[in-house]
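What follows is one structure encoded as structure tokens, with my remarks underneath.
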Amino acid sequence: MKLNDIERAMQAGDMGPARQWAIEQQIAVGNFFDADDLVEVNQVHMMADTESLGESGVEFLERFANLPWEERRCLVPTVTDPRGIDLESYKSLNQEEVFAERERRAIKAFESLSVMMTDTCINYQIIMPPVMGEHLAFGDTGSVIYTNGALGARSNFEGGPAALAAALTGRVPRYGYHLDEKRRGTRLFEVAFEPKTLSDWGALGGVVGRRLESYWEVPVLEGITGRPNSDELKHFGAALASYGSVALYHIVGVTPEAPDTKTVFDGPLPAAEPITAANVADFYKSFGVHEDKVDVVVFAAPQLSLVETQMLARTMEGKQVHKETSLIATLPPAVKADSDRMGYTATIEAAGGTVLQGVCFYQMYARETGEANGWKRLLSNSAKLVNIIQGYGYEPVLASMEDCVDAAVKGRMGS
Amino acid sequence: MSDIVIKGHRGIGETVTGTALVAEDNFSARYDLDRIKGVFSRPAHKLCGQNYVGKILILDAAKGGVATSWMLREMTERNMAPAALLLNDANPIMAQGAAFADLPFMDRFEEDVTVAVRGTGYG
């Protein structure tokens, strides 16, 4: 890989051990993917939950946190993905003190590096929205796919250590979705289905994602007749990235790099693969139903925007969650503050729901928290969540927000 | 048992020797594993219930979220990691995680590695 003077200084250790570690990681990954050089990024978004970090990750961070300021500070604005614990609510969720203590240590270390603890996976909606063409290092698959697909900015999936490296060097290896030629369509889907709810958009993302093979595929969707809003594309992309492990999509006539089908492909178009309403219905059915009992209803993954929070409050207003069912909504701290001020939190809590901030359900020690609270049969309107949470010992089912609230009130699904 | 040679793209990490655990399925540390017990835990995974600690894992593609990067190092530090990971198709997360954890890792083989290795009787 070609390195400039600054990058060589980092590699030689002239800018301290943290930046030296960071650029060596980036050179290893760059070589693995045949990158020619590094590209400067404008912003970093880092996965920082302690469930993923583990004890070893926290100790690793603490080593850098004790370096001199000039050697440890982030070189570009750096924000965080959700944490592992909501420090205001963990006791009521029966979460262990050891997790909270690990969280406090991680936060202290991140802050020492000048990381902004935004604790959100929807940074692209609420912190600093990406701009077409800018290079970024984002660290949540939903955040990356929205950034690439809906906004036309450029990021690969940057896992926690890789995002930390990007924060310390201010750049990333130039491969994958930083390159024009990798952003072209590889598969074409003809959609004969009109999503109506957020869970429908997630289900559509799940249907497409299940048909994809690898990170390097770029699905292009034709036939979307409506004009999806930001929350709809958020659920679509989060599910697509979760099921398909892909980082970029194009929707013809909707997203910025796909004004028409021909423009987004090189050479002859691939055969269009149909997606029907029956495919989406089968996707919902693949999770079954909880006719007997629902233990926990979750609105998360991605965290809720203020608009979704208002929608949830309106849906729950005047209702009461069943005494044997829990209902949880996870919000970014910035949205929680607005939700508190506007009365949505009070409405959701009066109906028996719990509003958490700065966490997301699967990142908050879901296995241990589920066992501590007797949660197994889970219901959510997030197609992403119902995918992930199976690995944590839950039996998840997908339904619309309205049906989720209805089931929370009855304590079970169906009539 | 005869030796076979399967070439792949330049990888990350040291040379290792070990027993292979092979399946035509994908890999995500967060979605597929019970990292405490060291077994595959996602019910739909073809290796569900199998212990992966110290094995050379041979699977198809990297899947799932960004958490795998932190998790691979955490697994290696607790001595609860596979000995190496071979995939047909890596994604950035897996490469970043392998670099961070110093876990031997390769992809882009000249043939389907999940079929080639199993065919030798190693798996």
Side-chain angles (χ1 to χ4, degrees), chain A residues 24-29 31-34 46-57 59-60 81 138-144 156-165 172-173 175-177 212-216 241-247 362-363 367 384 387-393, chain B residues 8-13 26-37 39-45 48 60-81 87-103 105-108 112:
Chain A
E24 281 177 351
Q25 292 283 305
Q26 295 183 322
I27 291 168
V29 173
N31 283 332
F32 188 89
F33 289 118
D34 304 318
M46 195 189 320
M47 164 163 277
D49 72 85
T50 49
E51 196 222 320
S52 316
L53 277 160
E55 187 62 23
S56 77
E59 284 170 10
F60 184 83
D81 205 38
F138 277 9
D140 164 79
T141 60
S143 174
V144 171
N156 287 309
F157 289 169
E158 300 289 351
L164 177 63
V172 293
Y175 68 91
Y177 296 112
L212 300 174
E213 306 296 330
S214 88
Y215 179 80
W216 311 104
S242 179
Y243 290 85
S245 190
V246 293
Y362 69 95
Q363 290 171 307
R367 180 181 299 281
K384 172 176 178 171
N387 186 33
I388 299 177
I389 210 69
Q390 295 176 83
Y392 286 81
Chain B
H9 188 273
R10 171 183 178 175
I12 287 171
N26 300 314
F27 181 68
S28 159
R30 166 162 265 163
Y31 291 18
D32 295 336
L33 306 183
D34 181 334
R35 289 171 286 119
I36 307 298
K37 293 181 182 156
V39 295
F40 280 82
S41 61
R42 191 163 59 85
H45 200 283
C48 186
D60 188 24
K63 285 276 185 177
V66 293
T68 292
S69 291
W70 287 121
M71 288 175 175
L72 288 183
R73 184 188 179 94
E74 192 264 340
M75 288 155 62
T76 52
E77 296 220 333
R78 283 191 298 113
N79 297 315
M80 290 295 280
L87 299 175
N88 281 321
D89 250 319
N91 69 6
I93 300 300
M94 224 45 88
Q96 295 157 6
F100 186 51
D102 215 12
L103 178 77
F105 179 48
M106 281 180 75
D107 82 332
R108 285 163 282 172
D112 183 336

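What you see is a predicted model; the values in this text were computed from it and never measured. Proteins come first, then strands; the chains are lettered A, B, ... in the order of their sequence lines, and each starts at number 1.
- Heavy-atom distances place both the backbone and the side chain of B:Pro92 under 4.5 Å from chain A.
- When only modelled atom types and interatomic distance are considered, B:Asp112 and B:Asn88 share a side-chain donor-acceptor pair under 3.5 Å.
- Comparing B:Arg108, B:Met106, B:Met94 by heavy-atom pairs within less than 4.5 Å of chain A, the highest count is held by B:Arg108.
- Inter-residue side-chain proximity for B:Asp34 and A:Arg367 is flagged as met; some heavy-atom pair is nearer than 4.5 Å.
- The shortest side-chain heavy-atom distance between A:Phe138 and A:Phe157 does not fall under the 4.5 Å cut-off.
- Residue contact with chain A, scored on non-hydrogen atoms closer than 4.5 Å, involves the side chain of B:Asp89 exclusively.
- Only the backbone of A:Leu212 comes within contact range of chain B, with at least one heavy atom under 4.5 Å from a heavy atom of that chain.
- Per-residue heavy-atom pair counts under 4.5 Å with chain B were compared for A:Glu158, A:Glu24, A:Gln363, A:Gln26, and the maximum is reached by A:Glu158.
- Contacts between B:Arg35 and chain A at a heavy-atom distance below 4.5 Å involve the side chain alone, from C-beta outward.
- Checking side-chain atoms of A:Trp216 against main-chain N and O of A:Val246 turns up no donor-acceptor pair under 3.5 Å.
- The contact between B:Ala90 and chain A is made by backbone and side chain atoms together, counting heavy-atom distances below 4.5 Å.
- Although no hydrogens or angles enter the test, the distance criterion places a donor-acceptor pair under 3.5 Å between the side chain of B:Ser69 and the main chain of B:Ile93.
- Checked by atom type and distance alone, the side chain of A:Asn156 pairs as donor or acceptor with a backbone atom of A:Tyr177 at under 3.5 Å.
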For this session: For A:Asp34 and B:His9, run side chain to side chain donor-acceptor pair (under 3.5 Å): C-alpha distance rounded to whole Å, both residues' side-chain angles, the deciding distance at 0.1 Å, then the answer.
Result: CA-CA 10 Å; A:Asp34 304 318; B:His9 188 273; 2.9 Å; yes
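- Heavy atoms of B:Phe105 lying under 4.5 Å from chain A belong to its backbone as well as its side chain.
- At a 4.5 Å heavy-atom cutoff, the contact between A:Tyr175 and chain B is made by side-chain atoms alone.
- No other option in B:Glu77, B:Arg10, B:Arg78 has as many heavy-atom pairs under 4.5 Å with chain A as B:Arg10.
- The most heavy-atom pairs under 4.5 Å with chain A, out of B:Leu33, B:Asp107, B:Asn26, come from B:Asp107.
- In this structure, chain B has a heavy atom under 4.5 Å from the side chain of A:Asp49, while its backbone stays farther away.
- Residues A:Pro173 and A:Phe33 fail the side-chain proximity criterion, which asks for heavy atoms closer than 4.5 Å.
- Of the residues considered (A:Glu213, A:Lys384, A:Gln390, A:Gln25), A:Gln25 shows the highest number of contacts with chain B, using heavy-atom pairs under 4.5 Å.
- Side chains of B:Leu72 and B:Phe100 form no contact here, defined as non-hydrogen atoms less than 4.5 Å apart.
- With chain B as the partner, the residue from A:Gly159, A:Ala247, A:Gly393, A:Gly142 showing the most heavy-atom pairs under 4.5 Å is A:Gly159.
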